[in-house]
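Both ligands and their constituent atoms are indexed starting at 1 by order of listing.
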Amino acid sequence: MNPDLRKEREAATFNTELLTHILDGGSERTRRRREIESLVIGDPDFCHEDANFLSRSERYEAAVKKSALMIMKMREYGISDPDEIYYYKCIANGSHPEAIGLHFVMFLPTLKSLCTPAQMDKWLPLALSFQVIGTYAQTEMGHGTHIRALETTATFDPATQEFVLNSPTVSSIKWWPGGLGKTSNHAIVLAQLYTQGQCHGLHAFIVPIRAMGTHEPLPGVVVGDIGPKFGFDEIDNGFLKLENVRIPRENMLMKYAKVEPDGRYIKPPSDKLTYGTMVFIRSMVVGESAKAISKACTIAIRYSTVRRQSELRPGEPEPQILDYQTQQFKLLPLLATAYAFHFVGQYMRQTYLRITGDINLGDFSELPELHALSAGLKAFTTWVASAGIEVCRMSCGGHGYSHCSSLPGIYVNFTPTCTYEGENTVMMLQTARYLLKSYTQASAGQKVSGMVSYLNEMSQQRLQPQQVSARSTSVNLKDLSSLVEAYKIRASKLVELAAKSLQTELQLMKTKEDAWNHCSIDLVRASDAHCHFVIVKLFCSKLAEVEDTAVHSALYSLAHLYALHGVYQNTGDFLQAGLLTVPQLTQVTQQLKELLSQIRPNSVALVDAFDYRDEMLNSVLGRYDGNVYDNMFEWARKSPLNQTEVHNSFYKYLKPLQSKL
Ligand SMILES: CCCCCCCCCC/C=C\C/C=C/C(=O)SCCNC(=O)CCNC(=O)[C@H](O)C(C)(C)COP(=O)(O)OP(=O)(O)OC[C@H]1O[C@@H](n2cnc3c(N)ncnc32)[C@H](O)[C@@H]1OP(=O)(O)O
Ligand SMILES: Cc1cc2nc3c(=O)[nH]c(=O)nc-3n(C[C@H](O)[C@H](O)[C@H](O)COP(=O)(O)OP(=O)(O)OC[C@H]3O[C@@H](n4cnc5c(N)ncnc54)[C@H](O)[C@@H]3O)c2cc1C
């Protein structure tokens, strides 16, 4: 064990194990998670070559092999609970995407949410036995965001009781779906439904694309891989062109919308039910943001305690780089963010399960809240985590740039979350749409509920101006509940500002849509402030559940740092809302510095509490034992370029060059 890391662990003021239990949701869950992780770690089938040294094709093949292994092994061990499957996959996949991931996260959930009982009886056993391997094909080359404009058509032919699927233009070719290029033999295709000469908008269809058995593309199906990307090397994101492909009527997913044998169309109770799987993934991605940023922090903070550089005091040994205030300022707010996102991820998951439970019972009333919350939090957390991973990488200096740190891999595989499942700006604008609707309702005296209920207070205050002016607005920077209140007021002010901006634009005789576009910066800012408030509020509520005083104190400091750092980053908003005064700006910085010094001695324990096994981090810089340098040398020696002492290119190009000049 590296002596610096040992000292850090010994100096922690709280019991790391207790905090791990809180993160896991109880000691029994920690025990079971570790038990499952050990199944993978002790399994020689999962001891594979470092993916960094493989070509893309080799990485894809290794990932498919791993997917197949995971399925077989989990069946063998009887692992079927969704949380346990998740534990198993997290350790087996590390920070790499899963080759047949789309089958699990989109194909199966879409079947479960949109199939009739008869369809479920047919497709679910096929999908669960992997006779059918599926993907979710929505995005087209020409349209990803604006899905109402998708061009793929599904035209009902009553004579044969079939739908005929077509990609009428180049821009209508399905583009991007994961696992589409080579892995899947079926796709859930989102297409414009035509029946009795009328278009009824987007609907989901199960389309066989490769023959079961031979895996050859079926007639009329042009399918393949879209080529190398920024990351996601394991995944065959694909293209799909459909040329008069016929599928039976029963292949339209008909739980809600239906096409009768005579071609009559029956409307669903809500046309947004087709979008349910996206809402599911957006809700889950919030927790994935926590995972990605906590991994990056673990690596960067452990390394920052092992790495010694420069000189703090003349003549003294080089200090640990985490002792530089600037290094703490880069990393500790991100550590606080990781904790905040973890608790918000848990909340989002529970909220998703609760509201979809109601939807399954026919109560759609909370769908708009779920959509707005999942869209906004998905965007907020993925943006912050993406930028944060990059800060972690740079905080490791040169070694952070090496794949041995794992940070480049974490970044390239995480950053597309800002784009997929709804491009982030577009998602923020969806949240803004809900905020403005809620604002209008609250302003008209109607009570709004859920996470926007603070808008009720705002409308009450407007009715009683004398109370507002009497209220002291300045935030107490040392008091967390005062900070939560400040975030709430900032959010309501920015929602109000966006609403006024929209009204002004509308008065300029613009159409509603033009007016919306002309204030979309304000709208995104309002959504951002709303999400920020939700996160600060949820983090603080979590503290009330923590019984152990030492752990409570460590988490309290993190929550305080998270809230205060947000004020520091958004001083303009807080000043504009009258929540902060110019003289207080120095206090913000001062208070931040105090919190950094308070958290610094616990920083290694706080990342240890995430309990990432070395096998999951796969990072030389982030090793638990801190033996970085020996292992870095060993890792580099494995590079394919080092397999011969003299590379072939020397004989082919350099030697002839030398002989000519
Ligand atoms: C088990 C563990 C899981 C871990 C997960 C790990 C991550 C998985 C890794 C997998 C990797 C990659 C997978 C990627 C997959 C994909 O990317 S699939 C494709 C995703 N595509 C999108 O997200 C497209 C984004 N666009 C849209 O969603 C819509 O077009 C948009 C919302 C922008 C607009 O929709 P319109 O129909 O045009 O609606 P609009 O007119 O604007 O609004 C009408 C009305 O409807 C409300 N609305 C919109 N969407 C929803 C929804 N989903 N649910 C409920 N309500 C919705 C909207 O707010 C409006 O309401 P209003 O009352 O009229 O204001
Ligand atoms: C790794 C990866 C995996 C994917 N997997 C799948 C999959 O499995 N299945 C699938 O169907 N798709 C998948 N996708 C596609 C993904 O869902 C889309 O890329 C995504 O929805 C964004 O759409 P777009 O690419 O058309 O972006 P665009 O909509 O073209 O966005 C480009 C820019 O335009 C802006 N913009 C667009 N519309 C608006 C607006 N209304 N207001 C303001 N600004 C706007 C955006 O903010 C952005 O800055 C995947 C993508 C990636 C990168």
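In terms of polar-atom proximity, T135 is not counted as a contact of ligand 2, lacking any N or O under 3.5 Å from an N or O of the ligand. For ligand 1, the polar-atom distance check against Y86 finds no nitrogen or oxygen pair separated by under 3.5 Å. Residue R282 has at least one N or O atom closer than 3.5 Å to an N or O atom of ligand 1. An N or O contact shorter than 3.5 Å is missing between H146 and ligand 1 by distance. Residue G178 has at least one N or O atom closer than 3.5 Å to an N or O atom of ligand 2. The shortest N or O to N or O distance between H143 and ligand 2 is not under 3.5 Å. Considering both main-chain and side-chain atoms, Y136 never comes within under 3.5 Å of ligand 1 through any nitrogen or oxygen pair. Of the polar atoms of Y420, none of the N or O atoms is found under 3.5 Å from an N or O of ligand 1, judged by distance alone.
In this structure, atom 5 (N) of ligand 2 lies nearest to the protein heavy atom W176 O, 3.5 Å. Regarding atom 20 (C) of ligand 2, its nearest protein heavy-atom neighbour is T419 O, 3.3 Å. For atom 30 (O) of ligand 2, the closest non-hydrogen atom of the protein is T145 OG1, 5.0 Å. The protein heavy atom nearest to atom 11 (O) of ligand 2 is T139 N, 2.8 Å. Nearest to atom 47 (O) of ligand 2 among the protein's heavy atoms is E423 OE1, 2.5 Å. The nearest protein atom to atom 63 (O) of ligand 1, hydrogens excluded, is given as K437 NZ, 2.4 Å; this is a heavy-atom distance.
Counting the atoms of ligand 1 from 1 in the order shown, those under 4.0 Å from a heavy atom of V426 are 33 (C). The contact set between ligand 2 and Q138, taken as ligand atoms under 4.0 Å from a residue heavy atom, comprises 11 (O). Residue contact check: Y136 has heavy atoms under 4.0 Å from atoms 7 (C), 8 (O), 9 (N), 10 (C), 11 (O) of ligand 2. Atoms of ligand 1 lying under 4.0 Å from at least one heavy atom of Q138, given by number and element, are 19 (C), 20 (C), 21 (N), 22 (C), 24 (C). Those atoms of ligand 2 with a heavy atom of L429 less than 4.0 angstrom away are 42 (N), 43 (C). Set against the non-hydrogen atoms of P416, the atoms of ligand 2 under 4.0 Å away are 1 (C).
Contacts between Q430 and ligand 1 below 4.0 angstrom, taking non-hydrogen atoms only, involve the side chain exclusively. When non-hydrogen atoms are compared, ligand 1 lies under 4.0 Å from the side chain of V279 (C-beta onward) but not from its backbone. Proximity of N237 to ligand 2, defined as any heavy-atom pair under 4.0 Å, is confined to the side chain (atoms from C-beta onward).
Look at E390 and R393 and you find a salt bridge, because one of the NZ, NE, NH1 or NH2 atoms lies within 4.0 Å of a carboxylate O, short of that distance. Ion pair K66/E98 not flagged as a salt bridge, since none of the NZ, NE, NH1 or NH2 atoms sits closer than 4.0 Å to an Asp/Glu carboxylate oxygen.
A cation-pi arrangement is present between K89 and F104, with the terminal nitrogen or guanidinium carbon under 6.0 Å from the aromatic centre and inside a 45° cone about the axis.
With distances taken over non-hydrogen atoms, the option nearest atom 49 (C) of ligand 1 out of R148, R433, H371, M427 is H371. Counting heavy atoms only, V426 comes closest to atom 36 (N) of ligand 2 of the residues T425, V189, V426, L102.
Atom 28 (P) of ligand 2 is flagged as protein-proximal [any protein heavy atom, distance under 4.0 Å]. Closer than 4.0 Å to atom 9 (N) of ligand 2 lies at least one heavy atom of the protein. Protein heavy atoms are absent from the 4.0 Å sphere centred on atom 34 (O) of ligand 2.
For G144, the closest heavy-atom approach to ligand 1 falls below 4.0 Å. At least one heavy atom of M106 sits closer than 4.0 Å to an atom of ligand 1.
In this structure, H200 and Y265 have parallel ring planes: the angle between them is below the 30° cut-off, well short of the 60° mark. Classified by interplanar angle (parallel below 30°, tilted 30° to 60°, perpendicular above 60°), the ring pair H103/F130 is tilted.
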